[in-house]
Protein chains: 2
Amino acid sequence: MAAATAFSRDGFDGVAVDDIARAAGVNKAMLYYHFGSKQDLYREVVRDMLRAVGGAVAAIARSDAPAPAKVERFIQAVADLRESRPWFPPLMLREMSAGGPRLDPDTLVLMKAVFAAFAAILEAGSAARDFRRVNPVLAYMTIMGPLMMNAVRERAAAEPGRAHLPMFAAVDRHELVTHMQQTALRMLTKDRSR
Amino acid sequence: MAAATAFSRDGFDGVAVDDIARAAGVNKAMLYYHFGSKQDLYREVVRDMLRAVGGAVAAIARSDAPAPAKVERFIQAVADLRESRPWFPPLMLREMSAGGPRLDPDTLVLMKAVFAAFAAILEAGSAARDFRRVNPVLAYMTIMGPLMMNAVRERAAAEPGRAHLPMFAAVDRHELVTHMQQTALRMLTKDRSR
DNA sequence: GTCTATAAATAGATAGAC
DNA sequence: GTCTATCTATTTATAGAC
């Protein structure tokens with residue numbers, strides 16, 4: 001979706017509907033005909049994203065793998081979603097930074113489902129004594145935060161004249177996933193077996 | 001600074017210079033007289049923020065505490081900066097999400113200093129064999145990511161009609177800092193003695 | 001359904017009085 | 001240095017032809 005790319009890069013206010021239309025190969029009146037308003041178009045983009053994330057995460061939570069494997073797959077899934085929908089992290093972080101003024105109740109339900117699936121994984125791990133008890137909100141932030149922030153870091157790194165800065169050094173995708181899987185399990189497990 | 005609050009909430013394009021002026025108790029022409037343009041004003045806000053962060057972090061890196069204590073103080077300092085400058089996390093995440101189009105070379109130097117100080121802490125820890133070798137960029141993301149993302153999560157949680165959602169539950173500041181300190185050290189240390 | 005043209009509002013920036 | 005008034009460009013949104 002062209003709108004998703006534009007919104008994630010320039011923000012809701014930074015994008016002109018005209019530009020979205022041109023990028024999508026239609027004209028402005030078409031967008032208004034199909035979506036009603038700029039805000040409705042934006043909401044559709046956010047919802048599509050949240051449905052994708054929620055679907056993937058819920059499937060993992062429902063599976064019957066051990067909880068540590070579920071956490072590893074959760075991290076892999078979020079990393080994969082970032083590949084298939086590059087606008088996911090910046091759009092999410094922008095919306096949260098703004099205080100979520102364009103998150104209506106229907107969209108909040110979708111966000112809620114994502115977190116609920118993650119929390120269910122933690123709960124399963126605690127019940128099986130694989131995990132110690134951790135505040136699920138903090139655990140969620142600890143896993144999602146680096147994945148989201150690294151994605152926008154790479155976005156900023158891609159601009160010209162940045163590559164030489166150490167903080168914008170390229171990080172291999174597999175290295176990122178492995179690091180986050182290890183860190184997450186170190187955070188969650190009681191013993192030192194990993 | 002009123003401009004910082006406005007930019008962090010609504011983004012560069014989402015704020016009208018008129019609104020910033022009103023919030024600051026002056027008029028628009030005054031802002032242009034003193035700052036030249038909206039972009040220059042924005043850059044001053046970002047630079048002020050980065051100078052504050054860089055100063056705090058560099059002081060910690062320079063101190064002669066053991067590396068694990070430095071990491072703990074780093075986390076505490078970032079959490080404190082978020083209190084004294086609430087616009088810090090959203091402004092940072094927004095700018096990175098946009099690809100940093102308003103980060104000029106002088107501002108990048110300030111960003112570079114923050115990361116350099118953090119990397120120096122890691123290096124000291126590795127040299128003293130307190131830490132295992134970890135990609136410093138990933139370690140930086142793993143610590144900054146949750147702190148930044150939790151800050152904007154709380155911002156979104158503050159909007160009306162959100163408090164009942166589990167993902168917007170309040171998290172005690174001390175609990176956040178303690179959790180991040182523990183998680184960071186679990187990530188960095190070879191053994192699990194903590 | 002798809003387009004062109006345009007209305008109506010708003011924004012960044014400046015001129016010029018004091 | 002500080003203000004009011006205004007210019008100019010841009011933007012969301014819609015009217016109306018086809």
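Note that the structure is predicted; figures quoted are calculated from it, not measured. Convention: sequence-line order gives letters A, B, ...; per-chain numbering from 1.
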K.L.:
In whole Å, I'd like the distance from the CG atom of B/Asp13 to the P atom of D/dT11.
P.N.:
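Spelled out: CG on B/Asp13 to P on D/dT11 is 10 Å.
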K.L.:
Grab the CG-P distance between B/Asp18 and C/dT14 for me, whole Å please.
P.N.:
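Those two atoms, CG and P, are 15 Å apart.
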K.L.:
How are the rings of A/Phe118 and A/Phe74 set to each other: parallel, tilted or perpendicular (split at 30° and 60°)?
P.N.:
tilted
K.L.:
Where the side chain of A/Tyr33 is concerned, which of C/dT2, D/dC3, C/dG12 is the nearest nucleotide?
P.N.:
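In terms of side-chain proximity for A/Tyr33, the closest of C/dT2, D/dC3, C/dG12 is C/dT2.
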K.L.:
Does B/Tyr32 place a side-chain N or O at less than 4.0 Å from the phosphate oxygens OP1/OP2 of C/dT14?
P.N.:
no
K.L.:
A/Leu31 CG to D/dT14 P: how many Å, rounded?
P.N.:
13 Å
K.L.:
Going from CE on A/Met141 to CG on A/Asn135, what distance comes out if it is rounded to the nearest 0.5 angstrom?
P.N.:
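Taking CE in A/Met141 and CG in A/Asn135, the distance rounds to 10.0 Å.
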K.L.:
Does a side-chain N or O from B/Asn27 land closer than 4.0 Å to OP1 or OP2 of D/dC3, or not?
P.N.:
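Checking D/dC3 against B/Asn27, a side-chain N or O does come within under 4.0 Å of OP1 or OP2.
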K.L.:
Give a yes or no on whether a salt bridge exists between B/Arg22 and B/Asp19, defined as a side-chain N under 4.0 angstrom from a carboxylate O.
P.N.:
yes
K.L.:
State which of D/dA13, D/dT11, D/dT2 makes the closest approach to the side chain of B/Met30.
P.N.:
D/dT2
K.L.:
Checking contacts here: which listed nucleotide (D/dC3, D/dA13, C/dA11) is nearest the side-chain heavy atoms of B/Val26?
P.N.:
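Per side-chain heavy atoms of B/Val26, the pick is D/dC3.
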K.L.:
Separation of A/Ile20 atom CD1 from D/dA13 atom P, in whole Å?
P.N.:
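So the two atoms are 11 Å apart, to the nearest Å.
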K.L.:
Of all the choices, C/dA13, D/dG1, D/dT12, which nucleotide is nearest to the side chain of B/Lys28 once you look at every atom?
P.N.:
C/dA13
K.L.:
Could you pick out which residue, A/Phe12 or A/Ala29, lies toward the 5' side of DNA chain D when each is mapped onto its nearest nucleotide?
P.N.:
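It is A/Phe12 whose nearest nucleotide is closer to the 5' end.
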K.L.:
Answer yes or no: is there an ion pair linking B/Glu95 with B/Arg43, defined by an N-O contact shorter than 4.0 Å?
P.N.:
no
K.L.:
Without decimals, in angstroms, what is the distance between B/Asp40 CG and C/dA13 P?
P.N.:
9 Å
K.L.:
Whole angstroms only, please: what is the NZ-C1' distance between A/Lys38 and D/dT14?
P.N.:
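Value for this atom pair: 17 Å.
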K.L.:
Less than 4.0 Å between a side-chain N and a carboxylate O, is that true for A/Asp13 and A/Arg94?
P.N.:
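Salt bridge: no.
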K.L.:
Which of these nucleotides, D/dT12, C/dT2, D/dG1, is closest to any side-chain atom of A/His34?
P.N.:
C/dT2
K.L.:
Between C/dG12 atom C1' and B/Arg102 atom CZ, what is the distance in whole Å?
P.N.:
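Whole-Å distance recorded here is 14 Å.
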K.L.:
Just the rounded figure in Å: distance from C1' of D/dT11 to CG of A/Asp10.
P.N.:
15 Å
